2 protein chains.
Amino acid sequence: MTPISLGLVGLGTIARNQHLPALAATPALSLAAIASRNARLDDIAAFYDVAALLASDVRVDAVSLCTPPQGRFAQAQAALRAGKHVMLEKPPGASVSEVQALAQLARDRGVTLFATWHSREAAAVEQARTLLANATIQRVDIAWKEDVRHWHPGQEWIWEAGGLGVFDPAINALSILTRILPDPVHPTGAILEVPANKQAPIAAQMSMVTGAGAPVEAVFDWRQTGPQTWDIRVQSDLGEVVLQEGGARLVVAGVAQINASDAEYKRLYARFVDLIARGQSDVDLAPLQLVADAFLLGERRVVEAFVE
Amino acid sequence: MTPISLGLVGLGTIARNQHLPALAATPALSLAAIASRNARLDDIAAFYDVAALLASDVRVDAVSLCTPPQGRFAQAQAALRAGKHVMLEKPPGASVSEVQALAQLARDRGVTLFATWHSREAAAVEQARTLLANATIQRVDIAWKEDVRHWHPGQEWIWEAGGLGVFDPAINALSILTRILPDPVHPTGAILEVPANKQAPIAAQMSMVTGAGAPVEAVFDWRQTGPQTWDIRVQSDLGEVVLQEGGARLVVAGVAQINASDAEYKRLYARFVDLIARGQSDVDLAPLQLVADAFLLGERRVVEAFVE
């Protein structure tokens with residue numbers, strides 16, 4: 001079968017560390033072009049931006065966007081209008097309504113739009129989902145604590161309006177939460193801790209509740225040095241179900257079930273290929289909706305200025 | 001026909017000024033009970049809250065909620081679970097996801113949920129919508145400026161987290177905008193001016209764009225004394241279409257079309273009766289989504305403390 005010809009837009013950390021290796025391991029996709037303002041790869045056609053790529057004679061069937069979310073709408077819109085299938089890094093956009101508009105555009109043009117949530121592809125997430133499908137959830141606690149200096153060095157856009165701050169990693173937890181619980185959740189309150197010199201929060205506490213009334217308490221913090229924590233603990237009638245290491249490790253009632261190696265982006269690209277073959281889109285906005293709602297109803301507290 | 005028996009929850013300014021007169025003018029609805037912590041009406045059964053009403057032997061078929069949005073989810077959930085039709089004042093909740101959960105619950109229970117946008121019932125809105133249905137929109141400007149001291153005296157909840165601040169009136173403009181434009185809009189940027197002693201903004205500028213690319217610029221301000229401004233100006237291939245006075249007055253290419261008296265809440269209750277008769281719900285979250293997105297991507301600026 002002829003591989004799907006793909007253009008990669010954005011060539012930053014996430015592209016180099018995740019997208020390029022995953023693409024190299026996906027024979028159904030062929031990397032045909034890069035669009036980046038300040039970087040290029042040997043032997044791959046290079047363009048300044050997606051508009052230049054689309055206007056060129058390098059033919060791509062699909063575009064994968066891993067630029068910062070603030071500018072992604074215009075890029076995705078241009079690609080969809082040109083009839084290309086589009087895959088979006090997380091978060092899928094700077095607002096929920098812009099991604100709803102992209103989903104409508106993809107439907108109108110008959111192409112695939114895939115809003116990815118890479119953490120949902122962590123090894124143990126689907127088993128946790130299956131396990132909890134018929135469980136009675138009593139309580140959920142999320143602790144997502146990491147060192148922003150280690151994970152996001154020099155990424156100024158993440159602190160700006162629309163950059164999400166600590167919700168950039170927190171949305172990974174929320175993407176797992178909304179995948180594994182049998183019931184939708186909604187926030188009832190939030191505290192956003194915003195450094196005096198930034199627009200976006202460096203830490204947050206978020207209280208949510210399931211439709212059935214079980215509390216979901218989340219703590220997100222970007223100031224954690226030393227060991228990093230990415231845990232979701234679910235109390236249920238099956239006992240305690242714990243996802244650790246961002247979904248890679250599953251422990252049920254104290255017994256480890258899965259501790260698998262990372263294949264998140266390979267699975268994302270496999271799913272993109274599958275969606276294109278089926279003529280479908282996958283645009284689940286629940287994680288971004290929870291973040292928007294936390295900003296809407298959250299109380300802001302000014303905390304110590306952050307200096308990288 | 002036997003009237004639908006209705007319980008009114010909340011007996012503040014909006015209930016007294018709008019809901020009670022509209023109910024009195026709607027023979028298809030019969031006011032059977034009031035739930036309010038600190039107020040009552042002569043000759044109407046009175047309860048402390050919606051739970052007490054639902055637990056009583058006063059039978060209601062429907063409940064209309066006009067309490068502040070922060071506590072409305074639990075009230076609506078209790079009423080829907082009890083099999084009552086529910087009408088929500090604007091904004092329909094403190095978050096988008098909680099109203100999505102209510103809409104799902106209403107579907108599951110087979111009852112009507114009506115998230116109202118009273119400004120959409122202003123006299124000229126439907127004519128503007130019809131007029132613009134096939135127009136090419138070039139640009140939209142919204143100016144929504146009023147005196148918070150006059151319109152919201154003593155309403156502390158409106159300044160708290162989840163209270164929306166100036167977006168409480170601004171969402172009226174956004175509800176009209178999303179009704180009259182043929183195309184969805186999404187925000188591209190926002191500036192939220194927040195008093196140093198408050199959580200919610202006292203003023204905001206919001207830049208949006210239609211799917212077709214036309215700019216929509218909005219200015220919301222709660223500091224306007226003297227004449228009040230509630231205008232939406234649409235530049236189109238039909239000329240300038242202007243909605244004034246919150247949608248009561250329509251001027252097309254300089255010629256006044258409609259300047260009608262207010263019947264917003266009468267029309268809302270008539271529509272609620274109609275939805276119940278048809279077994280339908282009406283939950284359009286676009287206006288609240290735009291506000292949540294403005295909070296998500298907006299830049300915050302601290303301005304002078306507000307003292308009522």
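When reading the values below, keep in mind they use all heavy atoms of this one structure, side chains included, and skip hydrogens, waters and symmetry mates. So that the names make sense, note that chain A is the first sequence line, chain B the second, and so on, each numbered from 1. This is a predicted model, so every value here is computed, not measured.
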Once you leave out hydrogens and angles, what donor-acceptor pairs under 3.5 Å do chain A and chain B share?
residue: Gln77(A); atom: NE2; partner: Gly211(B); partner atom: O; Å: 3.3
residue: Arg81(A); atom: NH2; partner: Gly211(B); partner atom: O; Å: 2.9
residue: Val96(A); atom: N; partner: Asp293(B); partner atom: OD1; Å: 2.9
residue: Val96(A); atom: N; partner: Asp293(B); partner atom: OD2; Å: 3.3
residue: Ser97(A); atom: N; partner: Asp293(B); partner atom: OD2; Å: 2.7
residue: Ser97(A); atom: OG; partner: Asp293(B); partner atom: OD2; Å: 2.3
residue: Gln199(A); atom: OE1; partner: Arg300(B); partner atom: N; Å: 2.8
residue: Gln199(A); atom: NE2; partner: Arg300(B); partner atom: O; Å: 3.0
residue: Gly211(A); atom: O; partner: Gln77(B); partner atom: NE2; Å: 3.3
residue: Gly211(A); atom: O; partner: Arg81(B); partner atom: NH2; Å: 2.9
residue: Asp293(A); atom: OD1; partner: Val96(B); partner atom: N; Å: 2.9
residue: Asp293(A); atom: OD2; partner: Val96(B); partner atom: N; Å: 3.3
residue: Asp293(A); atom: OD2; partner: Ser97(B); partner atom: N; Å: 2.7
residue: Asp293(A); atom: OD2; partner: Ser97(B); partner atom: OG; Å: 2.3
residue: Arg300(A); atom: N; partner: Gln199(B); partner atom: OE1; Å: 2.8
residue: Arg300(A); atom: O; partner: Gln199(B); partner atom: NE2; Å: 3.0

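Neither the backbone nor the side chain of Leu102(A) has a heavy atom closer than 4.5 Å to any heavy atom of chain B. With a 4.5 angstrom heavy-atom cutoff, Pro187(A) touches chain B via backbone and side-chain atoms both. Only the side chain of Phe73(A) comes within less than 4.5 Å of a heavy atom of chain B; its backbone N, CA, C and O stay farther away.
When each of Leu80(A), Val9(A), Leu88(A) is paired with Val63(A), the side-chain contact (heavy atoms from CB on, under 4.5 Å) condition holds for Val9(A) and for no other. Here the rule is side-chain contact (heavy atoms from CB on, under 4.5 Å) with Pro91(A), and of Val96(A), Leu164(A), Val291(A) only Leu164(A) fits it.
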Val194(A) vs Val303(A), test: side-chain contact (heavy atoms from CB on, under 4.5 Å). Steps then yes/no. CA-CA 6 Å; Val194(A) 184; Val303(A) 298; 5.8 Å; no
Taking it one step at a time, do Leu174(B) and Leu288(B) satisfy side-chain contact (heavy atoms from CB on, under 4.5 Å)? CA-CA 8 Å; Leu174(B) 296 172; Leu288(B) 187 59; over 6 Å; no
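A heavy-atom distance below 4.5 Å is not found between the side chains of Ile142(B) and Val219(B). Between Phe167(A) and Pro201(A) the shortest side-chain heavy-atom distance falls below 4.5 Å. Proximity of Val185(B) to Val209(B): side-chain heavy atoms (C-beta onward) are nowhere separated by under 4.5 Å.
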